[in-house]
Each structure stands twice: as C-alpha cells, then as structure tokens.
Amino acid sequence: MISRKLALTGALMLGVSLCASQAFAQATPAPLPDPPKFDAQQAPNFVSISDIMEYKALAEYHEPQWVTDQFVKTGKLPAVKDRLPTEPLVFKTANEPDGTGVYGDVMRHVIGGRPQGWNYAAGQVQGWGGIDIGMFECLTRTGPLFEVKADELEPMPNLAKSWDWSADGHELTMHLIAGAKWSDGEPFTADDVMFYWEDNISDPNVKPLNSAGPDSFGVGTTLKKIDDNTVLWTFKDAFPKQYLYTMAYGGFCPLPAHLLKPQHPKYSSNTYEQYTNAFPPEFLNFPVMGAWVPVEYRADDIVVMRRNAYYWKVDEAGNQLPYLDEMEYKLSTWADRDVQAVAGTGDFSNLEQAESYVEALKRSADPAAPARLAFGARTIGYSLYPNLSGNGWGEPDARSQAVRELNRNTDFRLALTSAIDRQHLGDSLVKGPFTAIYPGGLYAGTAYYDKASTVYYPFDVGVAKAALEKAGLKDTDGNGIVNFPAGTADGQDVSVTLLANADYQTDKNLAEGVVASMEAIGIRVIVDLVSGANMTATQNSGKWDWQIFRNGSELISVVQNTASLAPTGPQTSPLHRAGADGTVDLLPWEQQMVDVVNKFIATSDAAQRVELMKQYQKLYTENVNAIGLTQYPGALIINKRFANIPAGAPIFMFNWAEDNIIRERVFVPTDKQQNLELHAKTLPGAPGLGNGPMSD
Ligand code: GLA
C-alpha cells in the first residue's frame with residue numbers, strides 16, 4: 001500500500017492529470033524480503049565425476065554367498081562374471097562415505113502413491129517414492145551431481161558409458177554399456193534404446209512417465225542405431241549439451257523391448273490402451289536394468305523388490321551391487337512415511353510436507369531416536385499455474401475458455417499474484433524460519449537466481465481488485481463474485497477449477513489457502529482433488545483451469561529439463577501446450593522466454609548463461625508466468641543403521657534423494673543388520689511369474 005500511495009503522490013506532485021482508469025491502484029513491485037536464515041545442516045564434499053565412478057574390467061567378481069550356493073552351483077544362473085558386462089560400472093571406494101559394504105538387509109520405504117503397472121514407457125505410475133528410480137536406469141544420471149564441483153558439472157554416464165561430439169557439434173555418438181543384461185538375462189542393446197525413442201517418446205499416442213516428448217531433446221532431433229552398442233543423435237543446434245541432462249531420469253530410461261514391442265500397437269493388434277495396461281502390478285519379475293525387481297505386490301499393502309542378479313554395477317573390490325538385497329514399499333500415505341521413518345518402523349523419508357516439520361524435528365532430536373534427520377536447502381516450492389492455452393489444449397467448454405482468456409490477460413494474473421498473502425500462507429503450513437516468500441520462477445539460494453531480476457508484487461487486496469476491474473471483471477449482480485464481461489460465458493460468475501494432488505496434505509492446504517485468497521477478491525475457486533496416480537495424466541490432458549503443483553527440478557538446477565522452462569516445443573511446458581492445430585499460441589512475453597531458453601540451450605558460455613537466466617527470471621516474474629506460493633527446505637530422514645549415505649544429500653535437486661544417495665551403494669554393517677527381509681535368499685524369477693520363484 002505504501003509504495004502505491006507514494007507512486008500516486010509522486011504523480012500528483014508532478015501535476016500529471018490522472019484519467020479514471022489510471023486512478024486504479026496499480027500492481028507495483030516491492031522489495032522482496034530475504035528468506036529467513038536457515039542453514040542446511042551439512043555441505044557435500046565436492047568431487048569430480050571420475051572420483052565417483054569409472055567403467056573397468058576387474059580381476060574378479062563377487063556376489064552374496066547364497067546366490068552362488070543356491071543359484072550358480074545348481075545351474076540356475078551363470079557365474080557372476082558372465083552375468084556382468086565386459087566393463088561394469090565401478091563405484092570408487094574413496095568416494096563411498098563408509099567404504100566397501102556388505103550384503104544383506106532391506107530398506108523399508110513407505111509411500112502414498114499406488115502402482116498403476118510397470119509400463120513406465122506408456123506413462124504408468126509405479127507409485128513414486130523411488131520404485132521407478134530403483135527399477136529403471138537411464139542413459140545418463142544426474143541425482144548424485146549435488147556433490148560434483150560446479151565448474152565440472154555435466155551428467156554422469158550410466159547406460160551410455162561415453163559420448164563424442166562431431167566437430168560441428170550437430171552429431172553426438174553415444175556408446176552404450178556393452179554386454180549388460182536385463183534382470184531376466186536378455187541382452188540390453190541399442191534396439192532397446194531405439195524402441196524407446198521411436199515407439200514411445202516419438203509416438204504421439206504414447207507418453208513415457210515424466211517425459212515431455214521428443215521436443216525435450218530439441219525440435220527436429222533424430223536418433224539412429226549404428227550398431228548394437230552405439231547410437232547417433234543429430235541435433236539442429238551445435239553442441240546442445242543440455243540434452244544430456246534430459247537423457248537422465250525422467251527423460252530417457254529405456255524399457256525392455258523384448259517384452260514391450262510384441263504388445264505395442266505398431267507390432268500387434270493391441271490398442272494403445274491395451275499396450276499401456278499390458279503389465280499390471282500383478283505382472284511380477286518385470287525385467288529391469290535397475291538394482292531391484294518387483295517380486296511381490298499386494299494392493300493397498302506392499303510392493304517387495306529383490307536384488308537384480310544381472311545388475312551391471314560393482315564396487316572396486318568386484319562385489320556386484322546392490323548391497324541391499326531387498327527394497328520394500330508399504331502402500332500407505334506420504335504423511336505416514338514421515339511418521340514411520342521417525343519412529344523407526346520405516347527406514348526412509350523425504351520430509352517435504354511442512355506441516356509435520358515441528359513434530360519430526362522434536363522426535364529426531366532425541367539421541368536415542370532411530371533415524372537421523374538432516375535439512376537441506378529450500379528446494380521444495382509450490383506455484384499456482386494458470387492454463388495459458390487459448391487455442392484448445394484440453395478442449396475447454398465456454399466457461400473454461402473464458403477463464404483461459406482471463407489467464408492470458410496480464411492484469412488478471414497481476415490480480416491473482418497480488419491476492420496471495422505469501423507470509424500467511426507459509427505460516428499456515430509451519431511457523432518458524434522454514435518457509436520463504438516465493439514470487440515464482442527460480443528459487444532464492446540456487447545457482448542461477450538473481451534477486452535484482454526478481455519482480456515481486458506484494459499482497460494487496462485493493463491492488464488485486466483494481467487489477468481485476470482493469471481486466472474487465474465487475475460484480476454486476478452484487479453477489480460478491482465478479483462476473484465475466486457481458487458476451488463472455490453469459491456474463492455468469494467467474495468460477496475457476498483448481499487441480500491439486502489429493503495425496504499430499506500440503507497440496508490440499510495450499511489449495512484451501514488459494515480458495516480463501518481468491519474469495520476475498522471475488523473469484524470462486526472449486527478445488528478438483530485428483531489422486532497422485534491420475535495426477536500426471538490429468539495435468540497432461542490440459543483439462544484444468546488452474547493447478548497447484550510442487551515444482552520440478554528445472555527451477556532449481558536450470559540445466560536439468562531446461563527445455564521445459566518455457567513452451568519451447570508443442571509439449572515441453574507443463575502449463576502451456578499445443579492446441580488441436582498443433583501450435584502453441586504464445587503470448588509475446590512467452591515468446592521472449594522461449595527465445596531466452598533456446599539461447600541458454602545453445603550456448604555453453606557461463607557468463608552468457610548467467611545473463612540469460614536473469615532475463616528469464618525477469619520475464620517470468622514481471623509477467624507472472626505462474627504465481628509462486630511458497631518455498632521451503634526439505635529434510636532427509638534415514639534410519640541410523642544405514643551406511644554410505646553421502647554428506648549433504650538433498651531430498652530434491654537434480655533428482656530425488658532416492659537417486660541422490662546412490663541406493664545401490666548403501667549398506668547395513670553386519671552388526672546392525674536385522675532380520676527384516678520378507679523374501680530372504682530369493683531372487684526374481686521369470687517375467688510374469690509370482691514372487692520369489694527362484695528360492696533355491
Ligand atoms: C514422490 C515423493 C517424493 C519422492 C518422489 C520420488 O513424489 O513425494 O518425496 O519420494 O516421489 O519419485
């Protein structure tokens with residue numbers, strides 16, 4: 001209010017005559033308060049990627065004794081050396097916080113998600129919480145980059161063990177790990193990679209989970225098989241190294257072509273729906289490249305995963321990984337994950353729902369507490385996203401189309417952002433130094449954030465109401481709700497649907513906060529709560545007016561999934577995708593954001609990149625691309641019996657902690673091991689068969 005008065009007084013003093021519309025309170029940026037001081041509890045030990053891993057043949061290899069006794073000696077499995085690639089991925093001992101591990105024990109996860117099935121390639125959710133991260137390996141890997149030196153930052157090799165750029169930078173030859181096998185013993189080859197690219201990522205009827213389609217690798221990019229272990233990328237830009245990040249989790253994690261291809265509509269009489277649902281959760285022993293394979297599923301109860309006997313990573317002593325024989329996923333709620341991890345009946349949680357922070361902190365402070373809790377940086381953040389498509393994405397009806405037109409009106413978005421009391425909203429989740437005012441865009445405290453480029457419109461109901469009026473909205477029938485302008489949606493009350501994830505208390509609380517804030521300025525908001533399993537599909541469908549969601553890693557790291565920072569392609573942005581005619585109807589400032597992001601992708605000049613992200617942040621926050629709500633730190637809770645947990649592992653940065661802590665290297669020292677495994681001394685069996693068929 002103060003700044004507005006000053007602005008008006010200033011104008012009057014200059015003798016400028018104000019016409020009626022200028023007399024409205026204007027949305028005026030204000031200084032952004034600094035986030036309250038809250039230090040992360042541990043810093044990572046920064047290293048080079050070559051300190052973490054290499055690919056190398058070792059003189060000898062080992063496996064758990066029971067695997068040799070029960071499976072190799074009885075002829076059920078080849079010797080471990082014959083199950084491994086010629087040059088396995090080797091984790092270096094010096095980078096393992098507690099050194100070489102021992103086999104055995106289980107990590108008991110608790111999750112709020114539910115598996116729809118195993119067809120990640122067709123967009124099925126496995127339940128989150130690290131199930132998919134443990135099952136599917138990707139061409140590159142980014143989770144552990146939180147501990148890689150900033151000036152050496154690039155994705156870690158993974159299924160792609162190395163790559164070379166052509167002299168002109170338009171071609172990238174990728175060498176895949178040679179001789180690696182799926183968990184059922186079938187070879188992993190370039191055919192798996194090509195099937196994933198051609199018939200999943202690039203098939204418009206299929207959308208791999210977390211994928212934004214082929215354009216997330218650059219519009220016009222192609223991929224070709226050279227031989228069984230080599231593929232060739234061709235890009236329109238020169239040296240678009242950014243896409244190496246998109247080849248990590250979420251972007252390019254191939255599934256077994258030998259299972260999926262016979263079910264795909266292109267090669268069978270199946271419909272796309274039949275293809276998607278061909279591997280329900282009951283289909284056990286689904287072949288994976290990851291360290292654990294699902295061997296048991298009970299609806300609303302549990303998913304149990306056992307060690308992959310063909311896993312292609314080892315430690316320096318030649319021990320085949322993982323060290324942990326079992327991964328369990330109790331199917332409960334996300335809030336229960338925190339409670340159980342703190343109590344010691346679960347082993348792991350990403351403490352991320354601010355409502356439970358005080359209690360979790362209190363209980364973990366006891367030296368006898370079973371779990372350790374370590375806070376990281378403020379990388380959990382939420383925004384309110386207006387659907388910016390005006391040309392039919394999600395086939396809106398007349399009311400919804402009228403909302404889209406409003407969403408595309410800057411005065412309207414200024415009204416929304418001015419209506420939010422962020423301090424109050426944060427405090428309503430948790431009191432204390434946790435939450436910070438988040439205007440939107442890049443997060444304070446991250447590498448590319450620049451405060452001076454961040455435009456912050458403070459909470460001011462008067463300003464918000466005036467901006468609504470400027471957008472043409474008036475309460476014509478005096479019922480407290482503004483009406484659409486005459487001729488639009490029959491001049492009815494403005495009511496907006498707000499999509500939010502039903503599985504998280506935080507999402508629900510923030511949705512309630514938005515409803516109340518909007519009511520105060522005369523907009524009716526109807527919350528559409530959707531379960532986590534269906535959330536991704538609903539978001540992708542475009543059938544929403546507004547949505548609230550926990551932001552992705554691109555707003556933290558910028559270098560990961562960069563193409564999704566703006567509608568750079570028809571499907572890349574979560575809030576603005578192509579309408580029925582295949583085009584994205586970009587607003588002028590969106591076009592500028594697209595140009596900035598494309599320039600960022602096309603250059604590796606560090607200073608220029610910093611400059612471009614300043615422009616991005618300015619365009620984003622000044623035009624209110626989305627309405628930031630709050631940002632706060634997360635904490636990793638992990639049972640004290642686990643070893644090899646890297647210092648300073650964030651719950652969310654390039655990826656979630658389930659990837660960041662490198663679970664395949666995590667172990668439980670012998671004297672701390674407990675007899676908790678549900679399927680001790682069993683291995684996954686043949687695909688589609690029931691649990692633990694290979695018990696001896
Ligand atoms: C969910 C949880 C996160 C994390 C991810 C992993 O989204 O809320 O904490 O476990 O799953 O995919």
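Throughout, numbering of the chain's residues begins at 1 and tracks the sequence. In each ligand, atom 1 is the first atom listed, and ligand 1 is the first ligand listed. Just the heavy atoms: all of them, side chains too, but no hydrogens, waters or symmetry mates, feed the values below.
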#### Entry: Sub-3.5 Å N/O-N/O distance, G129 and ligand 1
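G129 vs ligand 1: N/O contact under 3.5 Å present.
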### Task
Looking only at distances, please establish whether an N/O atom of ligand 1 is found under 3.5 Å from an N/O atom of N350.
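Checking ligand 1 against N350, an N or O pair does fall under 3.5 Å apart.
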Should the proximity of [X] to ligand 1, defined as any heavy atom under 4.0 Å, be assigned to the side chain, the backbone, both, or neither?
{"X": "Q353", "result": "neither"}
{"X": "F652", "result": "neither"}
{"X": "R550", "result": "side chain"}

#### Entry: Validation row, ring centre F38 to ring centre Y632 under 6.0 Å
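Not under 6.0 Å, so no.
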### Query
Below 6.0 angstrom between ring centroids: does that apply to W312 and F188?
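So the answer is no for these two rings.
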### W334: numbered ligand 1 atoms lying under 4.0 Å from its heavy atoms
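Those of ligand 1 that fall under 4.0 Å from W334 are 1 (C), 2 (C), 11 (O).
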### Query
Which is closest to atom 8 (O) of ligand 1 by heavy-atom distance: W656, W128, Y504?
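Checking each option, the heavy atom nearest atom 8 (O) of ligand 1 is found in Y504.
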### Query
Of the choices E352, E658, M535, H109, which has the non-hydrogen atom that lies closest to atom 3 (C) of ligand 1?
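Considering heavy atoms of E352, E658, M535, H109, the nearest to atom 3 (C) of ligand 1 sits in E352.
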### Query
Parallel under 30°, tilted from 30 to 60°, perpendicular over 60°: which one fits the rings of F375 and F434?
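The arrangement is tilted - the two ring planes meet at 30° to 60°.
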### Query
Taking NZ, NE, NH1 and NH2 as the nitrogens, is one of them in R550 or D507 under 4.0 Å from a carboxylate oxygen of the other?
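Salt bridge absent between R550 and D507.
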### Message
For Y103, is there any backbone N or O sitting under 3.5 Å from a side-chain donor or acceptor partner on Q673?
### Response
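Such a contact is found between Q673 side chain and Y103 backbone.
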### Stepwise salt bridge (charged side-chain N to carboxylate O under 4.0 Å, His left out) check, R641 with D105
CA-CA 10 Å; R641 73 180 193 285; D105 215 323; 3.3 Å; yes
